[in-house]
Number of protein chains: 4
Amino acid sequence: MVSQMTATPPASAPATRWSRRKDVRPGEILEAALKLFVEKGFRATKMEDIAREAGVTKGTPYLYYENKEEIFKAVIREGMLTKFDELEGLSGQDEASAETRLRQVIYRWWESIGNTRLAGLSKLMIAEAANFPELASFYHAEVIVRCRNMVRHVLEEGVERGEFHILNMDHAVEIVIAPLLLAMVWKHSFHNFESAKFDMPAHLDNVLDILINGLKTR
Amino acid sequence: MVSQMTATPPASAPATRWSRRKDVRPGEILEAALKLFVEKGFRATKMEDIAREAGVTKGTPYLYYENKEEIFKAVIREGMLTKFDELEGLSGQDEASAETRLRQVIYRWWESIGNTRLAGLSKLMIAEAANFPELASFYHAEVIVRCRNMVRHVLEEGVERGEFHILNMDHAVEIVIAPLLLAMVWKHSFHNFESAKFDMPAHLDNVLDILINGLKTR
Amino acid sequence: MVSQMTATPPASAPATRWSRRKDVRPGEILEAALKLFVEKGFRATKMEDIAREAGVTKGTPYLYYENKEEIFKAVIREGMLTKFDELEGLSGQDEASAETRLRQVIYRWWESIGNTRLAGLSKLMIAEAANFPELASFYHAEVIVRCRNMVRHVLEEGVERGEFHILNMDHAVEIVIAPLLLAMVWKHSFHNFESAKFDMPAHLDNVLDILINGLKTR
Amino acid sequence: MVSQMTATPPASAPATRWSRRKDVRPGEILEAALKLFVEKGFRATKMEDIAREAGVTKGTPYLYYENKEEIFKAVIREGMLTKFDELEGLSGQDEASAETRLRQVIYRWWESIGNTRLAGLSKLMIAEAANFPELASFYHAEVIVRCRNMVRHVLEEGVERGEFHILNMDHAVEIVIAPLLLAMVWKHSFHNFESAKFDMPAHLDNVLDILINGLKTR
DNA sequence: CATGAATGAGTTTTCATTCAT
DNA sequence: AATGAATGAAAACTCATTCAT
């Protein structure tokens, strides 16, 4: 999705009916599908819409994917993994305070996922989990659990250093993750109705203040 | 939904083939529709499935609702309002500490919404907001904003009393709401994959400990 | 197919858009499908053509059959069995000479199968055997083998009575069956090109003369 | 088909990527098409399958044939003619008895047609006659009628010589042809279900014994 | 000559909705 | 008031054919 799904802008002047771009098509199709699935949901998205959005015709997606369901699976699968590799690679590099590192993790998540079209994936999986159980399982293992582990790791270090005082680690992890989820939901489902659009970095800042304050050793 | 959607048990010996059911049918249909919409989404739910789930046949829902979309709207509209009236009626009755009242609000929310089939409504609206903008607007005004206001009210009282120290009220409200949303999402989308199922009341307890600690005046 | 597939003529004056005739629809659909499959083959027959031929619209056949393949199977399955029960019931009733009985079997076959739309089934199976192996197997067991057995039975009696002199029974059975197959093929595939249409009963007569003469004990 | 369809082994080291194959390609394509049409029928055979079977890619058949229908016509047209020329050339050469010559005709037919992939052509035409009337007409004139004439010629000689006693020549011709058709049908449609595979030469032998016996003057 | 990505007309199949019973 | 057979618009999917490379 990182490389494949970065669509090249539709050729400005297509002199011919079409061009052959076997290598980029799959990415363009997934990109288009991601956008529409996130917007309308799996069932409400028509194959022809995906094709049109990708700049091809009805039949072309079928050259690369068996059917609509396979496109959905590919969207999810290719969508998040690489980003996480990046994220996990970054975290843990420095020797700053746990507080600083927690803030870093959250900000980075916002930059590379939350503020990205990929955040829509989460909304998508929330909506379709019951219809695609194996995919939900995959998402749970590869996204939710990894996300929790990243947070848990920082929190545990904070506890070791005596910075944080945490009674129940599982629940503490959740409260850190919760506002991230909320941010994605606001962004993807109700942004049109929020009169004063959230300044998300500032929001995360304030939320972290409260949380870190609440987690701190007294 | 409270009154209408409380289905009378279909087993209660009907005198005629279809004795006067005009009064209970709509509720049974909405109840069935809610269940299926939450499970599978709007598009993936077939009218016939709704009918079967409601114990009637294909044509019957159309006697009470124009079409599938109207059923969806009715499900959302009737689904949450009355519950909120209850909730709002309860809160603010006592003169306990803001901390106590915040805990009460959250627990009551969990009892009357979060732990109820109605929680699925939120998942549903998150998924379908883009397809039903007016409905999303309605939901935003009637559910999200009211929910925020309830929380805000308690927090503001806490600030007035000198119990809480809050820099940005909007953001503080969000961090209180966030774990509630998370709870609903876990419950409705990924509960099958959570090895150790959350003891939700305990979780809310712990989360509130952290939040209240973080919000407290030092 | 006998009863079910006997289509009632389309109601002369349908005042309404359609009428509900759940009991006769399947037969009408199979009847229509048989006609078109025999004419054009399985693949070249469109579902919509079957529907139109049956006097219904596109969607109706799907109320009674999963898909086109199931219709094909039903056509074959229902097509021949009952006729054969009739045939087998008739043969062997009298104590006439083997020659007489052989002639009877052949004539009856012609009346109840060869001269019927059902003969087209054979052409159909010949064409589609490779595409529907299990169905071909079923056809082989239920039609071909039964047909051979009927003939074999008569020939064996003829041998017992000393009427016929047969060196290899298997091959003798085939030579009796062969002209029946030929008759069906001519009728269904090349009848338009035969300048002098065969008088089939006379033809069978002549053929039987030769065969019986050839089989006779000298 | 004899010359064109005799594919040169594709293994013969090509000097260039596609060295002058213009002369052999059409035959290879028809050969592949024949095989697949016979196996699956005209409609169920995909152009791409023909191409793959012929060892080329999708576009190539269109360099040699207008479209799928033209390929079908070419398959039929080129398929049988030359073989018949051979057959007709052979028959009538010697001065043996009519019985001997009849046996010869049948055996030769079996060798050069019945036991060949070309036999599938008959099955194909039986199946597709209604969809390709002009082709069926052509096949009728060039194959069926010629085949009958060959048989008729021998039978007439037999009558002239006083060997055969035939009341109705047309019908006699059919009874001789019938087992040939049967043989092809068995071979191409139901061979998988025949427990004891027929020893076809022996079968033809036995069948001819009966027929010739039946035709003989007493 | 040959390739094979792309097209788009054509089919199959689904399902919300209607309406005779 | 309820049924459920039938409709027909709308989607999903196929594949013969084209044409840039």
Side-chain angles (χ1 to χ4, degrees), chain A residues 14-25 43-51 55-69 71, chain B residues 14 16-22 25 43-51 55-69 71, chain C residues 14-25 43-51 55-69, chain D residues 16-22 25 43-51 55-69 71:
Chain A
T16 61
R17 276 206 300 168
W18 39 263
S19 59
R20 22 174 74 206
R21 305 189 298 152
K22 184 184 180 150
D23 43 342
V24 294
R25 282 281 185 258
R43 288 294 293 260
T45 297
K46 295 178 228 164
M47 282 298 276
E48 200 164 357
D49 292 342
I50 296 176
V56 295
T57 51
K58 243 181 29 246
T60 304
Y62 291 97
L63 298 178
Y64 300 97
Y65 301 96
E66 283 275 317
N67 53 38
K68 198 174 157 184
E69 199 165 320
I71 293 184
Chain B
T16 68
R17 184 132 146 285
W18 10 260
S19 58
R20 291 294 154 273
R21 297 289 294 268
K22 190 174 180 177
R25 278 278 184 268
R43 289 292 295 257
T45 297
K46 295 178 215 164
M47 283 297 278
E48 197 167 0
D49 293 341
I50 295 175
V56 295
T57 51
K58 265 170 88 166
T60 305
Y62 289 93
L63 298 176
Y64 300 97
Y65 301 95
E66 218 28 51
N67 53 37
K68 195 176 162 185
E69 198 165 321
I71 293 183
Chain C
T16 63
R17 277 206 298 169
W18 39 263
S19 59
R20 22 174 72 205
R21 304 188 298 150
K22 186 184 175 145
D23 44 342
V24 294
R25 283 281 184 256
R43 288 294 294 261
T45 297
K46 295 178 229 167
M47 282 299 276
E48 199 163 359
D49 293 341
I50 295 175
V56 294
T57 52
K58 243 177 33 243
T60 303
Y62 290 96
L63 298 178
Y64 300 96
Y65 301 95
E66 282 276 314
N67 53 38
K68 197 173 157 185
E69 200 165 320
Chain D
T16 70
R17 183 134 147 283
W18 11 262
S19 60
R20 293 292 154 275
R21 299 288 295 269
K22 191 174 179 178
R25 278 277 184 268
R43 288 293 295 257
T45 297
K46 297 178 213 163
M47 283 297 277
E48 197 167 359
D49 293 341
I50 296 175
V56 295
T57 51
K58 266 171 89 167
T60 304
Y62 289 93
L63 298 175
Y64 300 97
Y65 300 95
E66 237 355 72
N67 54 36
K68 196 175 162 185
E69 198 164 323
I71 293 182

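Here is the naming used below: chain letters follow the sequence lines, and residue numbers restart at 1 for every chain. Because only heavy atoms are used, hydrogens play no part in the values below, and waters and symmetry mates are left out as well, while side chains stay in.
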Please determine, for the side chain of [X], which listed nucleotide ([options]) has the closest atom?
{"X": "B:Thr60", "options": "F:dA11, F:dA2, E:dT13", "result": "F:dA2"}
{"X": "B:Tyr62", "options": "F:dA6, E:dT18, E:dC1", "result": "E:dT18"}
{"X": "C:Lys46", "options": "F:dG8, E:dT11, F:dA16", "result": "E:dT11"}

What's the spacing between [X] [atom1] and [Y] [atom2] if we round to 0.5 Å?
{"X": "C:Asp23", "Y": "C:Arg21", "atom1": "CG", "atom2": "CZ", "result": "8.5 Å"}
{"X": "D:Lys46", "Y": "D:Lys58", "atom1": "NZ", "atom2": "NZ", "result": "10.0 Å"}
{"X": "C:Arg43", "Y": "C:Thr45", "atom1": "CZ", "atom2": "OG1", "result": "11.0 Å"}
{"X": "C:Leu63", "Y": "C:Lys22", "atom1": "CG", "atom2": "NZ", "result": "9.0 Å"}

TODO: Measure from CG on A:Leu63 to P on F:dC15 and round the result to the nearest Å.
DONE: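 Computing the A:Leu63:CG to F:dC15:P distance gives 13 Å.
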
Once you round it to whole Å, what is the distance between P of F:dT21 and NZ of A:Lys22?
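About 17 Å, once rounded to whole Å.
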
Check your understanding: Between C:Thr45 and B:Glu69, who's closer to the 5' end of DNA chain E by nearest nucleotide?
Key ->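 Its nearest nucleotide lies further toward 5', so the answer is C:Thr45.
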
First encountered from the 5' end of DNA chain E, between A:Thr57 and B:Met47: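 This one resolves to A:Thr57.
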
- Base-pairing assignment for F:dA2 (Watson-Crick or G-U wobble, both under 3.5 Å):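 WC or wobble partner is E:dT21.
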
**Item:** Counterpart base for E:dA16, defined by Watson-Crick or G-U wobble contacts under 3.5 Å
**Value:**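 The base-pairing partner of E:dA16, which may sit in any strand shown, is F:dT7.
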
Looking at [X], does any N or O in its side chain come under 4.0 Å of the phosphate oxygens OP1/OP2 on [N]?
{"X": "A:Arg25", "N": "E:dA6", "answer": "yes"}
{"X": "B:Lys58", "N": "F:dT3", "answer": "no"}
{"X": "A:Arg43", "N": "E:dC15", "answer": "yes"}

Quiz item: Of A:Lys68 and D:Glu48, whose closest DNA chain F nucleotide lies nearer the 5' terminus?
Solution: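 In this pair, the answer is A:Lys68.
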
Exercise for the section: Scan C:Tyr64 against the nucleic acid and name what it touches under 4.0 Å (heavy atoms): base, sugar-phosphate only, or nothing. Expected result: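 The answer is sugar-phosphate, as C:Tyr64 gets under 4.0 Å only of primed atoms, P, OP1 or OP2.
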
